[in-house]
Structures are given as C-alpha cells and as structure tokens.
Amino acid sequence: MPIKFRCAHCGKKIKITSRAAGRNVNCPKCGDTARVPSPNSLKRANKPYQPHQYLDTEAEVGDFQLRKRATSEDDLDLTPMVDVTFQLLIFFILTASMSLQKAIAVPPPDPQREGAQSTPISLEDLEVDSIIVEIQADNTIIVDDEPLAADSNLAEMLQQSMDSSGRHEMVINAHADSFHETTVTVFDAANEVGMQKIRMTTTGGEDDE
C-alpha cells in the first residue's frame with residue numbers, strides 16, 4: 001500500500017511505496033530531503049478531531065460530588081478600591097487650605113446706654129484700677145512696666161499681678177505696628193485668668209510722627 005505525504009519544504013504531494021517508511025527521500029520538485037512517515041503516524045494524523053467531553057460540574061460521580069470551581073468573576077475583591085479611596089481622602093485633607101483665624105469682636109459704644117461716658121479717659125486714670133499691658137512695635141509684651149520673658153507664661157504673669165495688686169481690670173495699649181496675633185494672645189490670657197474688664201487703646205502710627 002503506497003504512502004502519500006507532502007514535502008515539508010515545498011508542499012509537493014509525494015506518493016511512495018510503504019516499504020520506504022522511515023527513510024529519507026528526495027522531493028521530485030525541490031530536491032529537498034524528506035522523511036517518509038510510517039503508516040501508523042498517518043492514521044493518527046488523519047483521525048477526525050473529537051472535542052473533549054466534560055462532566056457536568058454539579059453531577060455526582062460515585063461517592064464524590066464535583067463542584068464548580070470559583071473564578072475571579074464570581075468574587076470581586078474590593079480591597080484595592082477601598083485603598084484608593086482612603087488615599088484620595090488623605091490627599092484632599094492634606095492639600096485643603098484650612099486656616100483658623102481669630103477675631104476680636106469690639107462692639108461700638110452706645111451713647112444712649114446708661115452709664116456710657118462721652119469724655120475720654122486717659123491712660124494715667126486707668127492705671128489705678130487696671131493692669132496695663134503694653135504691646136510695642138516689635139511685639140514685645142510689657143506688663144506693668146515689666147517685660148515678658150521669652151520663656152514666661154503671660155497668663156501666670158497676669159495672675160500674679162492680680163493677686164498682688166487686687167486689680168481685676170486690664171488695659172491693652174497696643175502699638176499700631178504690632179501684629180494682630182499678639183493682641184489676640186493677650187486677650188486669650190486675660191480671659192484665661194478671669195479678667196473682669198478689658199479695655200484697649202492704641203499708640204504710634206502716622207498720627208504720632
């Protein structure tokens with residue numbers, strides 16, 4: 001029975017006797033060496049393709065039960081999404097411009113109110129019953145002519161002055177070139193020690209030049 005096969009080089013169909021199976025022959029068209037296949041290999045090559053038959057994943061085989069294997073589509077992992085959400089939240093918190101501004105609410109005097117004074121009071125008149133806190137142009141704080149040291153606590157210094165003199169009122173004499181932050185610091189210290197009345201005056205500026 002002759003063997004029919006094709007040349008691997010040029011594709012020429014070659015017909016040769018079965019006794020030459022396994023030998024090398026020359027292709028009559030291109031002259032390239034071709035190996036003659038065996039009849040068994042030709043039968044396996046010409047066998048029709050049969051698709052694999054899979055068992056039902058839910059079917060029971062003997063004492064075993066085959067279950068469907070879980071895939072990535074069945075169980076969605078939300079951990080990466082949660083991580084990205086937290087990273088965005090931290091980013092917006094750090095980049096947001098958050099500032100805490102303190103303000104001093106100073107209501108204007110009402111001339112119709114009972115007890116209101118229309119004549120100005122000098123600083124010398126207030127020194128008798130009030131603690132004088134001066135804020136200089138370089139933001140140096142002076143309490144009753146005593147400068148506040150860098151490592152001192154303003155609230156403690158005001159408390160000592162109140163205990164020694166018995167005065168519970170305070171006058172803040174701030175320079176026009178001083179920082180508003182320094183004035184707010186003095187106000188906070190006065191409220192901390194329970195100062196009953198706080199007055200504020202200003203010095204310096206263009207009017208004094």
State which residues pass side chain to side chain donor-acceptor pair (under 3.5 Å) with Thr185; sequence neighbours excluded, sorted by chain then number. none
List for me each residue that meets side-chain contact (heavy atoms from CB on, under 4.5 Å) alongside Ala155, sequence neighbours excluded, and say none if there are none. Asn153, Ala189, Glu192, Val193
Could you tell me if the side chain of Asn26 sits less than 4.5 Å from the side chain of Asp32, heavy atoms only? no
Drop me the distance from Ile90's CD1 to Thr95's OG1, to the nearest 0.5 angstrom. 11.5 Å
Are any non-hydrogen side-chain atoms of Val171 and Ile131 less than 4.5 angstrom apart? no
So, using side-chain contact (heavy atoms from CB on, under 4.5 Å) as the criterion, who are the partners of Asn24 when residues are at least two apart? Thr33, Arg35
Taking all non-hydrogen atoms of both residues, which atom of Ile135 and which atom of Ile172 are closest, and how far apart? CD1-CG2, 3.9 Å
If we check side chain to side chain contact (heavy atoms under 4.5 Å, CB included) with Leu148, which of these qualifies: Val186, Val133, Leu154? Leu154
How would you list, by chain and number, every residue that makes a side-chain contact (heavy atoms from CB on, under 4.5 Å) with Thr79, sequence neighbours excluded? Asp77, Asp83
For the residue pair Ser178 / Asn139, report whether a side-chain donor-acceptor contact shorter than 3.5 Å exists. no
When rounded to the nearest 0.5 angstrom, what distance separates CD in Gln196 from CE in Met170? 12.5 Å
Rounded to the nearest 0.5 angstrom, the CZ-OG1 distance for Phe187 and Thr182 is 13.0 Å
Besides Val82, the hydrophobic cluster formed by Ile, Leu, Val, Met, Phe, Trp and Tyr side chains linked at under 4.5 Å, directly or via other members, contains Phe86
Sequence neighbours left out, what pairs pass salt bridge (Lys or Arg N to Asp or Glu O under 4.0 Å) with at least one residue falling in residues 163-173? Asp144-Arg167, Glu169-Arg199
Do side-chain atoms of Thr140 reach the backbone of Gln136 as a donor and acceptor pair under 3.5 angstrom? no
Calculate, to the nearest 0.5 Å, the distance between atoms NE2 and OG belonging to His168 and Ser130 respectively. 12.0 Å
Show the nearest heavy-atom pair for residues Pro147 and Met157, with the distance to one decimal. O-CE, 4.1 Å
Rounded distance [0.5 Å steps], CG in Leu89 versus CG in Leu94: 9.5 Å
Distance-only, no hydrogens or angles: does the Asn173 side chain make a donor-acceptor pair with backbone N or O of Glu134 under 3.5 Å? no
Could you measure the distance from the OG atom of Ser161 to the CD atom of Glu156? Nearest 0.5 Å is fine. 13.5 Å
Which heavy atom of Thr183 sits nearest to which heavy atom of Met200, and what is that distance? CG2-CE, 3.5 Å
Those residues that, when tested against Asp145, pass side chain to side chain donor-acceptor pair (under 3.5 Å) (two or more places apart): none
The criterion is side-chain contact (heavy atoms from CB on, under 4.5 Å); which residues satisfy it with Asn191, sequence neighbours excluded? Ile198
